[in-house]
Amino acid sequence: MNSAIITGMGYYVPDNIVTNEDLSKIMDTNNEWIIERTGIKERRWINNDESTSSMALEASKNAIADAGIEKSAIDFIIFATLSPDYYFPGPGVTLQKELGLDTIGALDVRNQCSGFVYALSIADQYIKTGMYENILVVGSEYHSGGLDKTTKGRGVSVIFGDGAGAAIVSKSPSAERGILSTHLHAQGEHAEELTLIGPSTRRWVPEIIDNDGKDDQAIYPYMNGTFVFKHAVTRFPQVIGEALIKNNLQSTDIDLLIPHQANLRISQFVQKKMGLSNDQVFNNIQKYGNTTAASIPIALAEAKQAGKVKEGDLICLAAFGSGFTWASALIRW
Ligand code: ACO
């Protein structure tokens with residue numbers, strides 16, 4: 001069986017920086033509260049001419065360049081997002097068109113914060129079976145347009161930011177290097193603890209308008225913060241542990257853990273619980289906020305650029321988020 005390896009990483013974030021200070025001018029919040037509870041100092045919000053798919057395009061171009069391949073070598077696209085350009089079709093097809101990739105297949109993944117790891121797992125299976133040789137896996141999110149930026153929404157809106165990350169997943173030249181295993185979980189009973197209900201097929205736009213939708217909290221993301229926190233700090237270590245056990249490895253073997261950038265407090269809690277050193281965990285939520293499906297590929301691309309991901313390193317990716325869904329991947333780089 002083939003093994004799949006990440007041969008290129010790229011990311012794109014809008015140049016529009018929104019600091020905690022900026023937020024405190026439009027809602028009742030402050031820098032101290034946000035930093036103490038989340039670790040976030042600033043995030044990016046897209047410019048008017050940008051979108052989920054346009055950010056994905058830039059991240060993809062960077063990943064293709066990093067892999068050193070021609071874009072024509074890509075034979076499949078997997079696009080993870082919770083903020084698609086349109087209700088339908090998903091943005092995978094837009095990206096396929098923008099890249100000029102003839103008629104190759106494009107799949108959209110709806111697994112929120114775990115979306116990139118789920119997408120990577122799918123790519124891994126396709127490469128292993130020999131169906132494809134080079135797959136573009138993307139996570140891109142445009143949150144800023146859909147947040148309640150008044151004081152009512154401050155518990156959620158200060159956390160999320162916009163951005164995109166992309167990976168080229170290819171057939172590995174060696175059986176020793178590549179994705180060792182992926183582990184996927186879901187618990188739908190908690191779907192409404194972290195959700196955006198409307199507009200949806202359960203609540204179409206006319207219904208929202210009829211009910212004077214402008215004051216309707218269901219048109220904004222809802223998060224039961226404490227409940228999410230408790231589950232996240234349990235599921236992250238579990239799913240990382242599952243990956244280590246599967247491969248007869250221990251937490252001391254991990255060269256770099258890239259957790260989904262949910263909240264710095266969550267990452268620090270996981271780090272402590274797993275007994276990992278500061279050098280073993282990569283965080284960049286301070287700069288970008290939580291970019292859900294884009295957070296892991298942005299962080300992985302940055303870590304690689306910074307020389308923190310080297311050939312032979314054991315890299316662990318782990319995510320938890322809305323669904324609930326959670327997932328991990330262990331990679332011998
Ligand atoms: N600025 C100032 N005050 C605020 C803000 C804000 N942005 N948001 C809420 N507050 C206030 C609340 O109104 C409340 O005031 P009150 O005591 O007068 O009623 C007070 O701060 C405490 O609010 P809580 O919601 O209880 O704050 P908590 O300590 O639980 O922190 C947080 C909220 C940061 C969301 C926390 O629950 C948490 O870390 N949750 C984990 C979930 C998470 O980070 N998810 C990330 C996205 S999901 C994912 O990616 C998995």
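Atoms within a ligand are numbered from 1 in the order they appear, just like the ligands themselves. The structure presented is a predicted model; accordingly, all values stated were derived computationally and were not measured. Position 1 is the first residue of the sequence; numbering continues from there.
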Output yes when K287 and E302 qualify as a salt bridge under the 4.0 Å nitrogen-oxygen rule, no when they do not.
-> yes
Kindly indicate whether atom 31 (O) of ligand 1 is approached by any protein heavy atom to under 4.0 angstrom.
-> yes
Protein heavy atoms: any of them under 4.0 Å from atom 13 (O) of ligand 1?
-> yes
Number the atoms of ligand 1 from 1 as they appear, then name those within less than 4.0 Å of a heavy atom of A262, with their elements.
-> 44 (O), 46 (C), 49 (C), 50 (O), 51 (C)
Determine if the distance from atom 34 (C) of ligand 1 to the closest protein heavy atom is below 4.0 Å.
-> yes
Under 4.0 Å between a Lys/Arg side-chain N and an Asp/Glu carboxylate O for R177 and E311?
-> yes
Is atom 17 (O) of ligand 1 less than 4.0 angstrom from some protein heavy atom?
-> no
At a 4.0 Å cut-off, with the gap strictly under it, does some heavy atom of C113 reach an atom of ligand 1?
-> yes
Contact atoms of ligand 1, heavy-atom distance to T226 under 4.0 Å = 30 (O), 37 (O)
Just let me know how M27 lines up against ligand 1, side chain, backbone, both or neither, with a heavy-atom cut-off below 4.0 Å.
-> neither
Would you mind running through ligand 1 and noting each atom that sits below 4.0 Å from a heavy atom of R265?
-> 36 (C), 38 (C), 39 (O)
Which of these, F269, W33, W326, F229, has its nearest heavy atom closest to atom 4 (C) of ligand 1?
-> W33
Look at atom 22 (C) of ligand 1 and say which protein heavy atom is nearest, naming residue and atom and giving the distance to 0.1 Å.
-> R37 NH1, 3.8 Å
Sub-3.5 Å N/O-N/O distance, N30 and ligand 1 = no
Does the protein place any heavy atom closer than 4.0 Å to atom 2 (C) of ligand 1?
-> yes
Numbering the atoms of ligand 1 from 1, which are under 4.0 Å from a heavy atom of G155?
-> 8 (N)
Could you tell me whether atom 25 (O) of ligand 1 has at least one protein heavy atom nearer than 4.0 Å?
-> no
Within a distance under 4.0 Å of any heavy atom of L194, pick out the atoms of ligand 1 and give their elements.
-> 48 (S)
Is atom 28 (P) of ligand 1 close to the protein, meaning a heavy atom under 4.0 Å from it?
-> yes
Identify whether NZ of Lys or CZ of Arg in K304 sits under 6.0 Å from the centre of the six-membered ring of W333 and within 45° of that ring's axis.
-> no
